[in-house]
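In what follows, a single structure is set out as structure tokens and then discussed.
Side-chain atoms are counted along with the backbone in the values below, which use heavy atoms only and exclude waters and symmetry mates. Numbering starts at 1 and runs along the sequence shown.
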Amino acid sequence: MFSKKGDAAALATLAGAPTPYREIAERLHAIIRETASALEPVVRWGLPFYVRDGKDVCYIKTGADFLAFGFGEDVNPAYREGASMHPIVWNITTLDPETEATLRELIRKAVG
């Protein structure tokens, strides 16, 4: 289904991100793979997605002035019953230990 799969494809895509987002994106890829090794990296629409059973769990999107990390609607770990709004995408400007821990917890929740 996808012509570009695996860590090498995802990392090649992230290598095109501008500094400083390239380093953040590569570290985020590592965090995803360390936290949820069962997720399969695939590249589509120029973005690395991390999928399980054909469903998007999370993705990384870089731009000239941002790095966004998001989750698929079906596995949103930030969903709260009864809430009117649910975050699904975060802009990441740095990866300090606290942010890494938060991301790991969100990824764990998303994969169940």
Side-chain angles (χ1 to χ4, degrees):
M1 179 175 176
F2 302 106
S3 60
K4 296 180 181 179
K5 292 182 177 183
D7 291 308
L11 289 170
T13 300
L14 296 174
T19 304
Y21 301 109
R22 177 178 46 245
E23 291 174 9
I24 295 170
E26 290 170 349
R27 179 66 189 133
L28 183 52
H29 170 84
I31 290 168
I32 294 165
R33 300 298 285 144
E34 292 164 7
T35 306
S37 61
L39 296 180
E40 179 182 23
V42 299
V43 176
R44 65 185 130 106
W45 304 304
L47 305 176
F49 283 79
Y50 301 83
V51 301
R52 182 179 59 193
D53 300 327
K55 293 187 178 184
D56 296 341
V57 173
C58 56
Y59 64 91
I60 301 170
K61 180 179 182 181
T62 61
D65 299 318
F66 69 91
L67 181 141
F69 175 65
F71 289 95
E73 298 273 346
D74 295 338
V75 295
N76 182 357
Y79 175 81
R80 290 187 332 240
E81 188 70 39
S84 299
M85 294 175 34
H86 309 283
I88 59 169
V89 178
W90 289 263
N91 284 337
I92 299 174
T93 56
T94 188
L95 283 176
D96 57 31
E98 182 179 342
T99 303
E100 285 194 20
T102 299
L103 290 168
R104 286 180 191 279
E105 181 59 29
L106 288 169
I107 294 164
R108 281 187 197 101
K109 284 177 74 176
V111 297

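- Ring planes of Phe71 and Trp90: perpendicular class, angle over 60° (limits at 30 and 60°).
- Judged as a side chain to side chain contact (heavy atoms under 4.5 Å, CB included), and not counting sequence neighbours, the contacts of Glu34 are Arg27, Ala30, Arg104.
- The two residues Thr62 and Ala25 come nearest to each other via the heavy atoms CG2-CB, 4.1 Å.
- A donor-acceptor pair is defined here as one N or O able to donate and one able to accept, closer than 3.5 Å; no such pair exists between the side chain of Asp53 and the backbone of Lys55.
- The two residues Asp56 and Val51 come nearest to each other via the heavy atoms OD1-CG1, 3.4 Å.
- A side chain to side chain contact (heavy atoms under 4.5 Å, CB included) with Leu67 is found for one member of Thr93, Ile60, Leu95 and no other, namely Ile60.
- Counting all heavy atoms, side chain and backbone alike, Thr99 lies closest to Thr94 at CG2-O, 3.9 Å.
- Test Thr35, Ile32, Val57 against Val111 for side chain to side chain contact (heavy atoms under 4.5 Å, CB included) and you get one pass: Val57.
- For the atom pair NZ (Lys61) and CG (Asn91), the distance works out to 10.0 Å, reported to the nearest 0.5 Å.
- In this structure, Pro48 and His29 have side chains that are not in contact, with every pair of non-hydrogen atoms separated by 4.5 Å or more.
- Going from atom CG of Leu28 over to atom SG of Cys58 covers 7.5 Å, rounded to the nearest 0.5 Å.
- Phe66 and Trp45 fall into different hydrophobic clusters, where Ile, Leu, Val, Met, Phe, Trp and Tyr side chains are chained together by heavy-atom contacts under 4.5 Å.
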Discussion item. Using the rule given for side-chain contact (heavy atoms from CB on, under 4.5 Å), can you reason through Arg108 versus Glu105, listing the C-alpha separation, both sets of side-chain angles and the distance that settles it, and then say yes or no?
Written reply: CA-CA 5 Å; Arg108 281 187 197 101; Glu105 181 59 29; 4.0 Å; yes
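- With hydrogens and angles disregarded, a donor-acceptor distance shorter than 3.5 Å links the side chain of Arg33 to the backbone of Leu39.
- Here CD1 of Ile107 is found 9.5 Å from OH of Tyr50. Values are rounded to the nearest 0.5 Å.
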Considering only distance and modelled atom types, tabulate donor-acceptor pairs under 3.5 Å from the side chains of residues 8-24, sequence neighbours left out.
from: Thr13; atom 1: OG1; to: Ala9; atom 2: O; distance (Å): 3.1
from: Thr19; atom 1: OG1; to: Arg22; atom 2: NH2; distance (Å): 2.9
from: Tyr21; atom 1: OH; to: Asp65; atom 2: O; distance (Å): 3.3
from: Arg22; atom 1: NH1; to: Ala17; atom 2: O; distance (Å): 3.1

